[in-house]
Number of protein chains: 2
Amino acid sequence: MAIDKAGVRERRRHRGDNRVTIEDVAKQAGVAPITVSRALNTPEKVSARLRERIDQAVETLGYVPNLIAGGLASAGTRVIPVVVPSLSILTFIEVIHGIQQTLEAAGYQVLLGSSDFDLDREAALLDSVLGYSPSGVILTGLRHHESTVRRLKAWGRPVVEIMELGDASIDMNVGVDNAEVGACMALHLLERGYRRIAFLGTGMVRDYRARERYEGHREALAAAGVESELLFQQDEPSSYEVGRQLFLEALEARPDLEAMHFANDNLAAGAILEANRRGMRVPEDIAIGGYLGLSLGEHLTPRLTTVTVPRFEMGVEAAKLLLARLKGRSPALPRVDIGYELTVREST
Amino acid sequence: MAIDKAGVRERRRHRGDNRVTIEDVAKQAGVAPITVSRALNTPEKVSARLRERIDQAVETLGYVPNLIAGGLASAGTRVIPVVVPSLSILTFIEVIHGIQQTLEAAGYQVLLGSSDFDLDREAALLDSVLGYSPSGVILTGLRHHESTVRRLKAWGRPVVEIMELGDASIDMNVGVDNAEVGACMALHLLERGYRRIAFLGTGMVRDYRARERYEGHREALAAAGVESELLFQQDEPSSYEVGRQLFLEALEARPDLEAMHFANDNLAAGAILEANRRGMRVPEDIAIGGYLGLSLGEHLTPRLTTVTVPRFEMGVEAAKLLLARLKGRSPALPRVDIGYELTVREST
DNA sequence: CTGTTAGCGCCTTCAG
DNA sequence: CTGAAGGCGCTAACAG
C-alpha cells in the first residue's frame with residue numbers, strides 16, 4: 001500500500017534533476033541519511049569509522065549538499081544580505097570588501113543589495129531578502145522605515161547597522177559619529193588660522209550622513225564665533241569632476257575664500273587636481289580638506305589633509321559582531337565606534 | 001487517525017517560527033494555498049475576484065513568501081552568484097555594479113563571491129554556491145578547473161564568463177580581447193615615435209589577463225622590429241603607490257626610457273602624480289599610457305592616454321545575456337565583444 | 001553514537 | 001480557473 005521507500009522508482013517525480021542527494025550517499029555508505037547529515041555538519045557527533053565511509057561516499061558520488069533544502073529544514077541559510085545605498089560609492093565598496101572577506105572565511109555568503117538611498121526600496125529589498133531565511137543582516141545607517149525596524153526587531157536574528165553611530169540601533173551598530181568628524185576638520189581649519197571657510201558637498205539631499213558632517217562643521221565654526229560658513233551642493237554623486245566644478249564655482253562666488261572643507265576625498269581630489277592645472281597654490285591660495293582617507297590623497301601635490309575612517313576595518317568589525325552573535329556569544333559591546341583620525345598633510 | 005490537517009495544533013513542531021505562511025493567507029482569503037501561490041506568481045491565471053481577496057489577505061497578514069521553500073519546491077532560486085577574483089580591484093567592482101543593477105531590477109539577487117585569483121577556491125566557492133540552486137552564474141575569466149567546467153556544463157543553467165573573450169566558453173561570454181588591448185596601446189606608442197618602451201605591471205603572476213595584455217604589447221613591438229621591451233613586475237595588487245615605485249625603479253634601471261605602458265590606470269596615475277611631484281615633464285621626459293579609462297585619468301595633468309573598457313556596461317551586458325536565457329530566449333550571440341577604445345590624451 | 005519519523009513551506013502534477 | 005495530493009532534500013525531535 002505504502003510507497004516503496006527503499007526503491008528508486010517513485011523518486012524524482014517533480015523534475016528530472018538528477019543531482020546526487022543525501023539519500024544516495026547514505027545508501028552508498030550503508031547508513032541513514034541523518035547520519036550523513038551529521039557527518040557533514042557536526043562530524044564530532046559521528047564515529048570515525050562511519051565518518052570515513054561517508055566521506056568516501058561523498059567523494060565518489062560527487063555529492064554537493066542542497067543548501068536550499070537544508071535551509072528549509074533548519075529554518076536558516078548561511079547567507080547574509082548586505083544592503084548599502086549605492087555601489088558606485090567607493091566607501092561602501094570598501095566596507096563590503098571587509099564584510100565579504102570576513103564572512104566568507106567563516107562560511108557565509110554575502111547577498112548584495114542596493115537601496116539607492118531610498119528607504120522604500122530598502123524596505124522592499126529587506127522583505128524580499130528575508131525570504132531567504134538569512135542568518136543575519138547588515139544594513140546601512142540608523143534611519144529606516146518604521147516597518148523595517150519593527151520587522152527586524154521581531155525577526156530576532158543578528159542585525160548590524162553600519163556607517164554611523166547612535167543609541168537607537170535595531171540590534172548592533174558599528175560606525176563613526178559623522179558630526180564629530182565634520183567638527184574635527186572644521187576645528188583643524190580654524191586652528192590653522194583660516195576664517196573664511198566653506199563646506200562643499202553634493203548629493204546631500206539624499207545622503208544625510210554628509211549632512212551630519214556639515215552640521216558638525218557648522219556648529220564648530222559657530223562655537224568659535226566664525227560667521228560665514230556656506231554650503232554649495234548639487235544632487236549628483238561625488239566625483240572628481242563634481243569636485244572640480246564645486247571648486248571653480250566656489251572660487252567665483254567667494255573669491256576671498258581661504259579654505260574649503262569638502263564632504264569627501266573624491267571631491268577634494270578633484271579640487272586639488274584642478275588647482276594643479278591652473279597653477280594655483282594649495283594651501284597658500286586656498287586650503288583644501290577632505291574626508292575618508294582615500295589613498296589617492298597622499299599622492300597628490302600637495303598631499304591631502306583629510307579625516308581618515310577605517311572603512312575596510314568597519315566592514316570586518318561588523319562581520320565579526322554578526323559572527324559572534326551567531327556563535328551564541330552575545331558581544332559585550334553591541335556598539336563599536338570605529339573611530340577616525342585627522343590626517344594632517346600639506347593641503348591645509 | 002490521520003493528523004488533523006485543518007487544525008493548527010499539529011503545526012509548528014520543528015521550531016517556534018511564527019511566520020505567516022501561504023496557508024495562513026489561504027485560510028484568510030478562503031481559498032486553497034495553491035491559489036495564493038498562483039495569485040502571487042502568475043496572477044493572470046487567477047480570476048480578478050480571488051486575486052483581489054488574496055492581495056488583501058497578504059496585506060493584512062503581512063505575508064512575506066519564504067523563498068527557500070519556494071526554491072526547494074521549484075528547484076531554483078532567484079539568486080545569481082557572481083564570482084570575481086578580488087573585491088579590492090576597482091574594475092571588478094564596476095562590473096559587479098552593472099550586474100547588480102540590472103539583475104536587481106529584474107528581481108534577482110546577487111550573491112557575491114571572491115576567489116582571490118585561486119582556481120581551487122573558485123571551484124569550492126561554486127560548489128557551495130550551487131547548493132543554493134541559483135538561476136544562473138556569472139564568473140570571471142575563461143580559465144577554470146576542469147571539474148568546474150564539467151560541472152557547470154552538466155548543470156544546464158545559464159553561465160556567463162566575463163572580462164575576457166574566447167571561443168571555449170562554458171556557455172555565454174562577454175569581455176574584451178586582452179592581447180588586442182595590449183597591442184593597441186603599444187601601436188599607439190610606436191606611432192607616436194617612441195622606441196624605448198617598457199611595459200610595467202604588478203601581480204601578473206596571478207593575473208593572466210594582464211599577462212595577455214603584455215603579450216599583445218610584446219608582439220606588437222616585435223612585429224615593428226622594436227627590440228627592447230622590458231617588463232617590471234611585483235606581486236602586489238595595483239595601487240598608486242606601486243605605480244609610483246615602478247615608475248622610479250624603471251627610471252633608474254633604464255634612464256633612456258621614452259615611454260611606459262602601464263598594466264592599468266591605477267599604476268599609470270601613480271606614475272604621473274610622482275612625475276608631477278618631481279617636476280618631470282610628461283610626455284616630454286617620459287610618456288605614460290594606461291589601461292581601463294578610470295575617471296581620474298582625465299583630471300591628471302597631463303591627462304592620461306589610456307585604453308578605455310566599458311566596465312559597467314560589461315556587467316550590464318552579462319546580466320542581460322543571463323536574463324535573456326532565463327526568459328527562454330536563447331540569445332543569438334552567446335558571445336559579446338564589449339570592445340575598447342583608445343583614448344588619446346596628453347600623456348603620450 | 002545511530003536511526004525513525006515527521007515535517008520545513010511551497011509548488012508540480014494531475015484532476016475537475 | 002480552482003483544488004487535492006504529494007514531494008523537493010534535508011534536518012529537528014525523539015527514541016534506542
Side-chain angles (χ1 to χ4, degrees), chain A residues 2-6 8-27 29-51 53-54 61 63-78 130-133, chain B residues 2-6 9-27 29-51 53-54 63-78 130-133:
Chain A
I3 294 164
D4 181 354
K5 291 284 266 296
V8 183
R9 61 194 162 124
E10 271 302 334
R11 305 193 51 231
R12 307 282 147 63
R13 242 213 314 246
H14 265 198
R15 317 142 262 302
D17 202 338
N18 48 9
R19 262 183 70 154
V20 180
T21 74
I22 205 170
E23 204 181 324
D24 300 327
V25 176
K27 230 166 277 169
V31 297
I34 185 65
T35 306
V36 176
S37 171
R38 284 198 273 252
L40 261 29
N41 299 318
T42 49
E44 70 277 9
K45 292 187 177 173
V46 172
S47 70
R49 254 193 56 236
L50 284 191
R51 212 186 312 143
R53 243 164 55 204
I54 290 168
L61 294 177
Y63 171 66
V64 176
N66 182 329
L67 271 18
I68 290 294
L72 181 58
S74 63
T77 56
R78 291 173 78 86
L130 288 182
Y132 288 111
S133 300
Chain B
I3 294 164
D4 182 354
K5 291 284 267 285
R9 61 188 162 127
E10 272 303 336
R11 306 193 49 233
R12 306 281 147 64
R13 239 204 329 233
H14 264 200
R15 316 140 261 305
D17 202 341
N18 49 9
R19 262 184 70 154
V20 180
T21 72
I22 205 170
E23 203 181 325
D24 301 326
V25 176
K27 229 167 277 170
V31 297
I34 183 62
T35 306
V36 176
S37 171
R38 283 199 273 252
L40 260 29
N41 300 318
T42 49
E44 71 278 8
K45 292 187 174 172
V46 172
S47 69
R49 255 194 54 240
L50 283 191
R51 214 186 312 145
R53 244 167 51 207
I54 289 168
Y63 171 65
V64 176
N66 182 330
L67 272 17
I68 290 293
L72 181 60
S74 64
T77 56
R78 291 173 80 84
L130 287 182
Y132 288 111
S133 301

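Each chain gets a letter, A, B and so on, in the order its sequence line appears, and its residues count up from 1.
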Rounding to an integer number of Å, can you tell me how far [X] [atom1] sits from [N] [atom2]?
{"X": "A:L72", "N": "D:dC8", "atom1": "CG", "atom2": "C1'", "result": "9 Å"}
{"X": "A:L67", "N": "D:dC8", "atom1": "CG", "atom2": "P", "result": "18 Å"}
{"X": "A:I22", "N": "C:dG3", "atom1": "CD1", "atom2": "C1'", "result": "13 Å"}
{"X": "B:R78", "N": "C:dC10", "atom1": "CZ", "atom2": "P", "result": "16 Å"}
{"X": "B:N66", "N": "C:dC8", "atom1": "CG", "atom2": "C1'", "result": "8 Å"}
{"X": "B:E23", "N": "C:dC10", "atom1": "CD", "atom2": "P", "result": "9 Å"}
{"X": "B:D24", "N": "C:dC10", "atom1": "CG", "atom2": "P", "result": "9 Å"}

Nearest atoms (heavy-atom pairs only) where [X] meets [Y]:
{"X": "B:T77", "Y": "B:L67", "answer": "CG2-O, 4.3 Å"}
{"X": "B:R51", "Y": "B:A39", "answer": "CG-CB, 4.4 Å"}
{"X": "B:Y63", "Y": "B:V20", "answer": "CD1-O, 3.4 Å"}
{"X": "A:V31", "Y": "A:R53", "answer": "CG1-NH2, 4.0 Å"}
{"X": "A:D24", "Y": "A:R19", "answer": "OD2-O, 4.0 Å"}
{"X": "A:A26", "Y": "A:A32", "answer": "CB-C, 3.8 Å"}

Need one value for B:L50: base, sugar-phosphate or nothing, where a base atom within 4.0 Å counts as base even if backbone is also close, heavy atoms only.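 Sugar-phosphate only.
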Taking only N and O in the side chain of B:Y63, is any of them less than 4.0 Å away from OP1 or OP2 of C:dC10?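 Yes, such a contact exists.
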What are the residues of residues 31-47 of chain A, sorted by number, that bring a heavy atom to within less than 4.0 Å of DNA chain D?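 Those residues whose heavy atoms fall under 4.0 Å from DNA chain D, taken from residues 31-47 of chain A in numerical order, are A:I34, A:S37, A:N41.
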